[in-house]
Amino acid sequence: MPELAEVLFYTRQWDAGMGQRIVRVLVHPSARVFRGGHVGQLAAGLTGKTYQRPFAHGKNMLFAFSGGHWLGGHLGMTGEMLAADPAHTPEKHDHLVLYTAAAALVYRDPRMFGHWRYEKGDEAPAWWRALPPEVLSRAFTLRHVQHILTRRARTPLKPLLLDQAFFPGIGNWMADEVLWQLRLHPSTPSGACDAAALRAAVQTITRTAVKTIGRDWSDPPRSWLFLHRWKAGGHCPRCHAALERGEFRGRTACWCPQCVLPNSALDRRVAPSRR
DNA sequence: CATCATGTTATAAT
DNA sequence: CATTATAACATGAT
């Protein structure tokens, strides 16, 4: 599920255990989502510590515990966080459960594409501090976006938007939403895209998603592509034309063939880069 | 039974 | 070297 706003929502599900002591740590026997990490150290390190607070950055999560203990997480495709009853009995796909007196903090993930790491240190781990500028941060300047579009001028916009090094937190549905709102075809060469317009669309869509999905899992506006893009047979909420679906770099894209601007390059053989 | 899925990454091929 | 395609990961929903 999880893109930026969903990730933010999930990090907050553990708020029920904020300020609480971890009395017991339970790790799924397969330990698959820990990717070879030392789960014994994780369990021993977090037991007795206090859960302090969550951080979200794009699709990455970081949880701070007292004494300089950190838990980094990524939800993959089907990862989910929830707070359960303190007496929670782990279910089939519960990979990590932190028990406190107030709540059991659960990480659940059927497909196990998510991953978790534990570390100890006075400040947030190096990998966290090295993450690229967030799309709603000050550092996500027009110049920055211009630089990306120039550097990757021939790359189609859809895969560019999915690149976490450039647009952290943007996933498949948000990328389709951005392109649809800009009336751009997913194959539009990045160099042909206006940086200011792209930046504005990415930021307003992110802000609205954070205020709806991120806040209480409510749906973003019905006028968005969001609700209509999921399955084949959907219709454009703007012009009611049948939506089109296709594959780009292994991911499904959905767009409105009617709304797409005529000058947004549909044909990749057409010479792309300019400026 | 076959297909598809809101993600990432290693490896192969160009 | 940079870019792109493909497979792989593992499970559940349709």
Side-chain angles (χ1 to χ4, degrees), chain A residues 1-11 13 28-37 56-61 72-81 91-95 107-117 127 130-132 135 147-181 186-187 189-191 202 205-206 208-210 212-214 217-220 224-234 243-255 268-269 272-273:
Chain A
M1 259 187 197
E3 301 180 24
L4 193 150
E6 289 99 340
V7 171
L8 187 60
F9 175 85
Y10 280 132
T11 62
Q13 299 313 296
H28 194 286
S30 88
R32 172 93 174 83
V33 299
F34 302 99
R35 313 286 163 147
H57 181 124
K59 297 175 186 169
N60 291 283
M61 309 180 296
H74 190 292
L75 298 165
M77 195 84 105
T78 54
E80 181 186 353
M81 329 273 305
E91 295 181 14
K92 188 179 173 188
H93 301 299
D94 292 354
H95 295 276
Y107 174 63
R108 183 171 293 168
D109 187 352
R111 284 174 79 178
M112 300 186 275
F113 291 171
H115 48 91
W116 288 79
R117 46 177 131 177
W127 62 266
L131 291 170
V135 299
H147 184 62
I148 293 167
L149 292 177
T150 307
R151 226 171 61 194
R152 307 295 293 273
R154 290 166 54 186
T155 302
L157 274 175
K158 179 66 193 278
L160 189 83
L161 282 163
L162 291 177
D163 192 328
Q164 298 302 294
F166 300 139
F167 301 96
I170 303 298
N172 211 22
W173 78 255
M174 290 187 85
D176 281 353
E177 190 68 45
V178 167
L179 294 174
W180 178 81
Q181 293 198 16
S187 69
S190 298
V202 164
I205 287 166
T206 301
T208 304
V210 165
T212 53
I213 299 171
W217 207 257
S218 55
D219 287 336
W224 281 21
L225 180 66
F226 180 74
L227 292 171
H228 312 269
R229 68 173 294 285
W230 299 108
K231 53 192 184 311
L243 292 169
E244 211 159 306
R245 292 161 72 84
E247 191 148 308
F248 290 84
R249 304 258 181 96
R251 306 297 303 279
T252 301
C254 178
W255 68 95
R268 270 180 267 197
R269 287 168 304 179
S273 66

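Protein chains get the first letters and strands the later ones, always in sequence-line order, with residue 1 at the start of each.
- The CZ-P distance, from R35(A) to dT9(B), rounds to 9 Å in whole Å.
- Here dT4(C) presents its P atom at 16 Å from CD of E247(A), a figure rounded to the nearest Å.
- Phosphate contact (OP1/OP2 of dA5(B), side-chain N/O of T252(A), threshold under 4.0 Å): present.
- Rounded to an integer number of Å, the gap from F248(A) CZ to dA5(B) P is 14 Å.
- Counting to the nearest Å, the C1' atom of dA5(B) and the CG atom of D176(A) are 13 Å from each other.
- Using the Watson-Crick or G-U wobble rule with both distances under 3.5 Å, dA10(C) pairs with nothing in any strand shown.
- The nearest whole Å value for the distance from the CZ atom in R154(A) to the P atom in dT14(B) is 17 Å.
- A distance of about 15 Å separates the P atoms of dT6(C) and dC4(B), rounded to the whole Å.
- For K92(A) and R32(A), each mapped to the nucleotide of DNA chain C holding its nearest heavy atom, the one lying further toward the 5' end belongs to R32(A).
- Put simply, CH2 on W230(A) is 16 Å from C1' on dG12(C), counting in whole angstrom units.
- Applying the 4.0 Å criterion to OP1 and OP2 of dG12(C), one finds that R108(A) has every side-chain N and O outside that range.
- Using bins of under 30°, 30° to 60° and over 60° for the plane-to-plane angle, the ring pair H115(A)/H74(A) lands in the parallel bin.
- The listed nucleotides are dT8(B), dG12(C), dA10(C); the one nearest the side chain of M112(A) is dA10(C).
- At whole-Å resolution of the value, CD in E3(A) and C1' in dA5(B) are 12 Å apart.
- The two residues A175(A) and L162(A) have their closest heavy-atom pair at CB-CD2, 4.0 Å.
- Contact annotation: H115(A) does not reach the phosphate of dT9(B) (side-chain N/O to OP1 or OP2, under 4.0 Å).
- Across dT8(B), dT11(C), dA5(B), the shortest atom-to-atom separation from the side chain of P110(A) is found for dT11(C).
- Nucleotide dA10(C) holds its C1' atom 11 Å from the CE atom of M77(A), rounded to whole Å.
- Contact of R249(A) with dA5(C) (side chain to base): no donor-acceptor pair of N or O atoms is detected under 3.5 Å.
- Closest to the side chain of K59(A), out of dG12(C), dT8(B), dA5(B), is dT8(B).
- Residue F113(A) has its side chain nearest to dC9(C) when only dC9(C), dT8(B), dG12(C) are considered.
- Scanning all heavy atoms of the two residues, the minimum distance from G76(A) to P2(A) falls at O-CD, 3.4 Å.
- Heavy atoms only, all atoms of each residue included: H228(A) and L243(A) are closest at O-CD1, 3.5 Å.
- Not a single donor-acceptor pair under 3.5 Å links the side chain of T11(A) to the backbone N or O of M61(A).
- Heavy-atom distances to DNA chain B give each of R111(A) and Q164(A) a nearest nucleotide, and the one nearer the 5′ end belongs to R111(A).
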